Amino acid sequence: MPFDNTMTVAKMIKKTASDYPQVIAQYKRSKSGDFEKITYSEMLQLGLDFGAALLQHGIKRGDLIGMISDNRAEWQQADIGIMAVGAVDVPRGCDATLIDLEKIFSIAECKVVIVENSAQINKMLSLQEKLPFIKTLICFENEIKSDAAENLKKSDVELLFFNDLIEEGQTWRIKNKGIIEEELEKGKGDDLATVIFTSGTTGTPKGVMLTHTNFLAQLDDLQLRIYGNPGEKALCVLPIWHVFERVCEYVIFVQGLSIVYSKPIGSILLADFKKMNPEILPAVPRVFEAVYEGITKKMRKAGGIVNKMFNFFTAVAIIHKRMQRKMFNQNPCFSNYYTFFWWLLFFIPWILLWPLYWLGDLIVFRKIKKMLGNNFRGGIAGGGALPPNIDEFFWAIGVTLVEGYGMTETAPVISVRPFAAPVFGTIGSPLRGIQTRIVDSDGFILGRCKEGELQIKGPTVMKGYYKNPEKTQAAFTVDGWLHTGDLAIMTVHDELKIKGRIKDTIVLLGGENIEPLPIEMKLGESRFIKQAVVIGQDKRYLTALILVDEEEVKSYAESNGLMYDFFEDLILTQPVKNLFENEIANLINTKNGFKIFERINRFALITKPFEVGVELSAKQEIMRFRIAELYKSQIEEMYKEV
């Protein structure tokens, strides 16, 4: 749908509701575990009812309204109402810490905050002295716990319930016909839609101001790349406050698709796949990694001929698909097309492997794909880098998985591989209307096939950072291009490949520049390693913190007769240390494309899983500044002279 300055997100949803009034917009899980159905017409009317109640309570165009909630049907309904009256949401998830909330709302100064439940009520009330301007809380859940009720009695904050406001708005609309609809029509594309505070990988959240046009400008191209038909389902598991999930839901709404609200928990996710048969799954790479790990662990537990067949046919499928990608130019191209004789070189092994690939699909892969239901079209990985081994596995077994790329400041999509014509190992070409360029460290523009910083221009780029002109100015070049801070390279066909973060670049004492992300993703291919963090800034050599996979290490210990009382004792034994030394050496070496100075010299094994808000950002990216603080003693130990 082409965008113009008269269109807003609320108007887009209104148009879809007009085109497909009886199509299901939302599948909401009930207390019984079944899914309640909400049509587009019903969702729009609930949103307008809530917007009418906001008008009654004095909300004006341009007012900022906080939203602390995970993804649920009421979130979108509430946001339709907020946008209909021209107000602006300031969203955050239920995992937000008190420090996060204090920082965000001390800047945003919202008078009204929508909360999901009692826990969020208690959070906001505990900050009342520091955030005295918050006067009203609106709760999605109909009942609150006794401790929240007691805390409310001690405060001067008013508590309202979402469902009560819906009823209030319905009554008001009967007496004031057409008023809320008129307010919705007043909206313009350059009106502010949201202020999203970045997840704080640098420790200081910044409020990204995004307009309606910022969101809508990308939908025209996105619905061609991530396509669907009215009534088809998308399984949504990510936090809605994050801009990647938010725009995914707008792609769903603009096409008249249906959202099925699920959870990124293996048992729930797979059960919902089986029950609801969705066509699309947008998720962070960690969700797809978890699916992959679940499959491989299940095969190893089965053991014997089952595991051997799985490993054999997977290896065959990977080789077969590699040949196919080379034949049909589905790999990133940094030179000319292959000649006919070069094509023939790949065709011969491809055709010879075809019977084995077909047999593997018949015996193994179809059973795996059945876990994703009968209608699955594809997954969209965003919010972080997709590990190459995960990308290759799903490509090999015939499950479409495309990778997207963007940033909060670009609302967020910059590029995404299309379902219909993906190019492996890339994030696709920039969306139509988005200009990109790659520059070196001195700001000189580089041509294709040369690595440098990616910079962006276009209608999706933010208005700026809320109340922060200095940071806004620093985010742009003097000629108006947005710094992404990402190292990228462009193919001859304009697909982008992200190589890492400029700020993450490790510089050793010898002056060697190292991108940690490829090393960390390669280490993550080991079944014994859940996550790895490479360390080495201003040091003589690289080290790594290795988060071990407890289940796999225990299985190794059992197979090798290692005795232990506590798991923490087991990982200190020499056989386990030798295991990880061999794993690291076999993964990070010159044969796998790594340089000599990228070798991991020492490592520390850790057992505590990384947590969002502690070691990880909301996108589940490593917050390196936090790692340096939390694991200071382990890092110092790795650099002690011996």
Side-chain angles (χ1 to χ4, degrees), residues 201-202 332 334 384-392 425 438-442 444 446 449-454 484-490 497-526 528-548 576-606 610 615 621-642:
T201 53
T202 59
F334 299 105
L386 181 65
N389 67 310
I390 305 299
D391 198 359
E392 186 149 59
I438 293 174
V439 302
D440 65 15
S441 57
D442 295 318
F444 291 106
L446 303 174
C449 310
K450 292 183 179 179
E451 185 178 308
E453 186 201 4
L454 179 65
T484 67
D486 287 315
L487 290 168
I489 188 169
M490 185 173 282
K497 186 176 179 69
I498 301 299
K499 307 287 282 186
R501 291 284 298 166
I502 291 173
K503 289 182 180 178
D504 289 346
T505 301
I506 293 171
V507 183
L508 296 178
L509 281 178
E512 300 93 344
N513 284 18
I514 298 166
E515 300 308 322
L517 188 60
I519 301 173
E520 290 165 351
M521 288 197 295
K522 191 66 179 176
L523 289 171
E525 292 182 16
S526 168
F528 301 106
I529 298 174
K530 271 196 169 181
Q531 205 151 8
V533 183
V534 175
I535 311 292
Q537 181 63 36
D538 298 327
K539 304 293 185 183
R540 290 189 295 108
Y541 52 81
L542 293 181
T543 61
L545 291 169
I546 303 294
L547 176 60
V548 302
V576 171
K577 288 181 180 178
N578 292 342
L579 167 68
F580 280 94
E581 282 177 1
N582 292 331
E583 288 288 307
I584 292 169
N586 290 333
L587 290 166
I588 310 301
N589 53 49
T590 53
K591 289 181 181 178
N592 288 332
F594 294 99
K595 300 178 179 67
I596 292 293
F597 55 78
E598 291 178 316
R599 181 169 65 92
I600 302 298
N601 283 257
R602 294 183 188 174
F603 60 89
L605 302 180
I606 56 179
F610 291 165
E615 296 93 349
E621 292 178 329
I622 293 167
M623 296 193 286
R624 296 181 190 275
F625 75 98
R626 289 270 179 86
I627 294 290
E629 297 168 3
L630 294 169
Y631 298 93
K632 184 178 179 181
S633 60
Q634 291 95 326
I635 293 170
E636 288 177 350
E637 186 67 28
M638 288 190 289
Y639 286 101
K640 273 187 179 178
E641 295 296 332
V642 293

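Position 1 is the first residue of the sequence; numbering continues from there. Because the structure is predicted, anything quoted here is derived from the model rather than measured. The figures here come from the full heavy-atom set of this structure, side chains too, leaving out hydrogens, waters and symmetry mates.
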Contacts under 3.5 angstrom, residues 593-600 side chains, donor-acceptor by atom type, not counting sequence neighbours:
| unit_1 | atom_1 | unit_2 | atom_2 | d |
| --- | --- | --- | --- | --- |
| E598 | OE1 | K595 | N | 2.8 |
| R599 | NH2 | N601 | OD1 | 3.3 |

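Of all the heavy atoms in I438 and E451, the pair that sits closest is CG2-C, 4.1 Å. Nearest heavy-atom pair across L523 and A532 is CD1-CB, 3.7 Å. The two residues I514 and L508 make their nearest non-hydrogen contact at CD1-CD1, 3.5 Å. K450 and I489 make their closest contact through N-CG1, 3.7 Å (heavy atoms, listed as atom of the first residue, atom of the second, distance). In terms of heavy-atom proximity, L454 sits nearest to A488 at CB-CB, 3.9 Å. Listed here is the closest heavy atom pair of S526 and L587: CB-CD1, 3.9 Å.
Judged as a side-chain hydrogen bond (donor to acceptor under 3.5 Å, both in side chains), and not counting sequence neighbours, Y541 has no contacts. With sequence neighbours excluded, no residue forms a side-chain hydrogen bond (donor to acceptor under 3.5 Å, both in side chains) with K530. Annotation: side-chain contact (heavy atoms from CB on, under 4.5 Å) contacts of L579 (sequence neighbours excluded): F528, Y556, E583. For the side-chain hydrogen bond (donor to acceptor under 3.5 Å, both in side chains) test, no residue two or more places apart in sequence or in another chain qualifies with D442. Legend: residues meeting side-chain contact (heavy atoms from CB on, under 4.5 Å) with L517, ordered by chain and number and at least two apart, are A385, E520, M521.
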### Query
Are L542 and I519 close enough, and set up right, to give a side chain to side chain contact (heavy atoms under 4.5 Å, CB included), and what steps lead you there?
CA-CA 11 Å; L542 293 181; I519 301 173; 3.9 Å; yes
#### Entry: Steps toward side chain to side chain contact (heavy atoms under 4.5 Å, CB included) verdict (Y631, I535)
CA-CA 11 Å; Y631 298 93; I535 311 292; over 6 Å; no
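How far NZ of K522 is from CG of N589: 8.5 Å, rounded to the nearest 0.5 Å. Between the CD1 atom of I584 and the CZ atom of F603 there is a distance of 5.0 Å, given to the nearest 0.5 Å. The CD1 atom of I627 lies 10.0 Å from the CD atom of E629; values are rounded to the nearest 0.5 Å. Note: E525 CD to E392 CD = 9.0 Å, rounded to the nearest 0.5 Å. For the atom pair CD of E515 and CD1 of I506, the computed distance is 8.5 Å after rounding to the nearest 0.5 Å. Between atom CD of residue E615 and atom CG of residue L547 there is a gap of 8.5 Å, rounded to the nearest 0.5 Å.
A side-chain donor-acceptor contact under 3.5 Å links E453 to the backbone of G485.
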